[in-house]
Amino acid sequence: MRLSRLFGKTLRQTPSEAENISHRLLLKAGMIHQVAAGAYSYLPLGWRALRKVENIVRQEMDAIGGQELHMPVLQPLELWQQTERDRAFGKSLFTLSDRRDRKLVLAPTHEEVATELVRRNVQSYRDLPLLLYQIQTKFRDEPRPRGGLMRVREFTMKDMYSFDTDEDAMNVSYREIAQAYERIYQRCGLPALIVDADSGAIGGKESHEFMLIAESGEDQVLYCSNCDYAANLEKADSIKAENQEEEMLPLEEVATPGIITIEDLARFLDIPETKTLKAVFYAADGGIVFVVIRGDIEVNEVKLKNVLKCHELRLATEEEVKEAGLVAGSASPMGLTDIRRVADPSITLGTNFVAGANKPDAHVKNVNYPRDFEVDVMTDIATAKADEGCPTCGSKLLFTRGIEVGHVFKLGTFFSERLRATFLDPDGVGRPIFMGSYGIGIGRLLAAVIEQNHDDKGIIWPVSVAPYQVHLCTISTDDSEVASAADRLYLQLQEEDLEVLFDDRTESPGVKLNDADLLGMPVRVILSPRTLKSQSAEVKRRSEKDAMIIPLDGIVEKLKAILSR
RNA sequence: CGGGGUGUGGCGCAGUGGUUAGCGCGCAUGGUUUGGGACCAUGAGGUCGCCGGUUCAAAUCCGGCCACCCCGACCA
């Protein structure tokens, strides 16, 4: 491609809306263009890079026996009602009506349609296992699109679905696909970390995310300093420190005028926050839930949502709290019976806690579970923190941020049962198919590649995803010798199957060199009067500082060697 | 959805009531330049986000709306 003809211009100044690095560089390099919040055009260079990523993903999916197919984005809402995922996705689901006023959705993912399809085409255990995938556009009405390609409302996703006869077979598929994912990230030049994750709206039991560790990442990850435990904060467990053991003492009311928060309470009574019990009120699909947890620990709302099996979870409003007869700031699980109570096991990590008295300006000392109150559910709903104990080995947990570049789910029979996708086993017994679901956002992966591979001058594409392999550049453009030598080399490289971006513009050297750095092709080849004196070219890897002078004779082999290194 | 911010040529910005809305970059034409964002000259390009109001007069003041960005909530 001749740069003089390329659609998409580099900018000297980055558009001001760009915040993170990949967004800035993609805009500045003229590779993407925003159409609306979370909707982007890919210009030729950006699109080539995206296609490279796509092909890596495709190759690895094919390599494990995946069969590529294509399912529609436009789907009947009814299908989503059958699995109740219209509610699970809620407002993130794009819906529309057709001319006959039938309700349709723009698919955010394809479990329903894939299951339906398999239901029609699989009858016997002999048809299994099965790996189906597609690379296609998804729509999700994100509450807040952001970060350029990081979180968008329309995006290309590779989604694969596995179909197996039983749980063990599903686990085998799951493992194989996870390994294929590792190879994908490796080929894209990304060191991805696999972490335990919440299943969210996709459903199912177990799931893992692949994270690129990055400051700019939206996700929060806790990982063990010793063993290989790592989890999304939404999912992470930890071992909390236990309070010093004491003799249980009798209940004792204490006046706490104007004290509302745990922080104030601890200071007022001169006790650590770990000696208090915190009450938090939620509205779960409209119903009030009373949550009690040790004062120093935050409620993990994702865990709570999973426990309650509700679609919508939010903090209760002041009115709702009042209406339920609770006293915000001094609420207590004691004596409550008509409200659902959920407790975190942390309330047993100590004795003689201070809790609310269920009346204003008063708390109660020496509260002990289960001596003084009961709960309906006792289960882990605690947010883990750095420095707490690893749930696997007890060593210290560490915190980092990450970009989610892939997510895999064990779905079990959630979809096959609801959509009646069954097969006959060797004994002629009908059984639900065990499924898995595996997603990679291609555009986000591309953005992650840039987040991971850049410097202050621009992008540093890994060879595998670079739009072009070689950036050929002339200096002294009105020197006819340079021009004709460059034309010859351009043709020669292409004949040898190298992908070449040829900067044939009559720009000053500074402009051309800066653009070469910004655009970030792996190898830069410069022809100038200087290099032609010795019948050679200057060759420089984008990732390295120093250039080398290589004779034109035999340069193709040299370039190929450099690119395959 | 809550909080904050921004909308003025392609990009970055200036312009707090008064000619014909400016600057830098970019773009076009001609010329001089050519190893890290050169220079000169000439020129093209703007319903000042939209609607309404106030005023003799609005980019500027007032009201409403919209869009986009950031933080949070939420979300895969």
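So that the names make sense, note that chain A is the first sequence line, chain B the second, and so on, each numbered from 1. Because the structure is predicted, anything quoted here is derived from the model rather than measured.
When distances run from any side-chain atom of A/Arg144 to the nucleotides B/C71, B/U34, B/G37, the shortest one goes to B/C71. Of the candidate nucleotides B/G36, B/C68, B/C74, B/C74 has the atom lying nearest to any side-chain atom of A/Pro143. Nearest to the side chain of A/Arg146, among B/A73, B/G37, B/C75, sits B/A73. Taking every side-chain heavy atom of A/Val511 into account, B/G37 is the closest of B/G35, B/G36, B/G37. Nearest nucleotide to the A/Lys457 side chain, out of B/G35, B/G36, B/C68: B/G36. Of the candidates B/G35, B/A38, B/C75, the closest approach to any side-chain atom of A/Ser508 belongs to B/A38.
Checked against ring pair (Phe, Tyr, Trp, His ring centres under 6.0 Å), A/His208 has the following partners two or more places apart in sequence or in another chain: A/Tyr174. In this structure, A/Trp461 has no side-chain hydrogen bond (donor to acceptor under 3.5 Å, both in side chains) partners at least two apart in sequence or on a different chain.
The nucleotide B/U42 finds its pairing partner in B/A28, both defining distances of the Watson-Crick or G-U wobble pair being shorter than 3.5 Å. A 3.5 Å limit on both hydrogen-bonding distances identifies B/G5 as the Watson-Crick or G-U partner of B/C68. Remark: B/U33 base-pairs with no nucleotide in the shown strands. Criterion, Watson-Crick or G-U wobble with two distances under 3.5 Å.
Ionic pairing of A/Arg542 and A/Asp455 is present here: one or more N-O contacts between side-chain nitrogen and carboxylate oxygen are shorter than 4.0 angstrom.
Looking at heavy atoms from C-beta onward, A/Phe434 lies in side-chain contact with A/Thr413 at the 4.5 angstrom threshold. In this structure, the side chains of A/Ile288 and A/Arg340 stay at 4.5 Å or more apart for every pair of heavy atoms.
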Acceptor/donor pairs from residues 7-19 of chain A side chains to any protein atom, 3.5 angstrom cut, sequence neighbours excluded:
| residue | atom | partner | partner atom | Å |
| --- | --- | --- | --- | --- |
| A/Thr10 | OG1 | A/Asp515 | OD1 | 3.0 |
| A/Thr10 | OG1 | A/Asp515 | OD2 | 3.2 |

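Looking at heavy-atom distances under 4.0 Å, A/Glu507 makes contact with a base. Residue contacts for A/Arg24: at a heavy-atom cut-off of 4.0 Å it reaches no nucleic acid atom on any strand shown.
A donor-acceptor contact under 3.5 angstrom links the side-chain atoms of A/Arg151 to the base of B/C75. The base of B/G36 lies outside donor-acceptor range of the side chain of A/Lys545, with no N or O pair under 3.5 Å.
Using a 30° and 60° split on the angle between ring planes, A/Phe94 and A/Phe139 fall in the perpendicular class, above 60°.
Within residues 6-19 of chain A, the residues having any heavy atom closer than 4.0 Å to RNA chain B are, in order of number, A/Arg12, A/Gln13, A/Thr14, A/Pro15, A/Ser16, A/Glu17, A/Glu19. Sorted by residue number, the members of residues 528-543 of chain A with any non-hydrogen atom under 4.0 Å from RNA chain B read A/Ser528, A/Arg530, A/Thr531, A/Glu538.
Checking A/Gln134 against A/Asp159 by side-chain atom types alone, a donor-acceptor pair falls below 3.5 Å.
Contact check, A/Lys28 against B/G26: no side-chain N or O comes under 4.0 Å of OP1 or OP2.
Applying the salt bridge (Lys or Arg N to Asp or Glu O under 4.0 Å) test to every pair with at least one member in residues 146-157 of chain A, sequence neighbours left out, gives these pairs: A/Asp141-A/Arg153, A/Glu142-A/Arg151, A/Arg146-A/Glu218, A/Arg151-A/Glu218.
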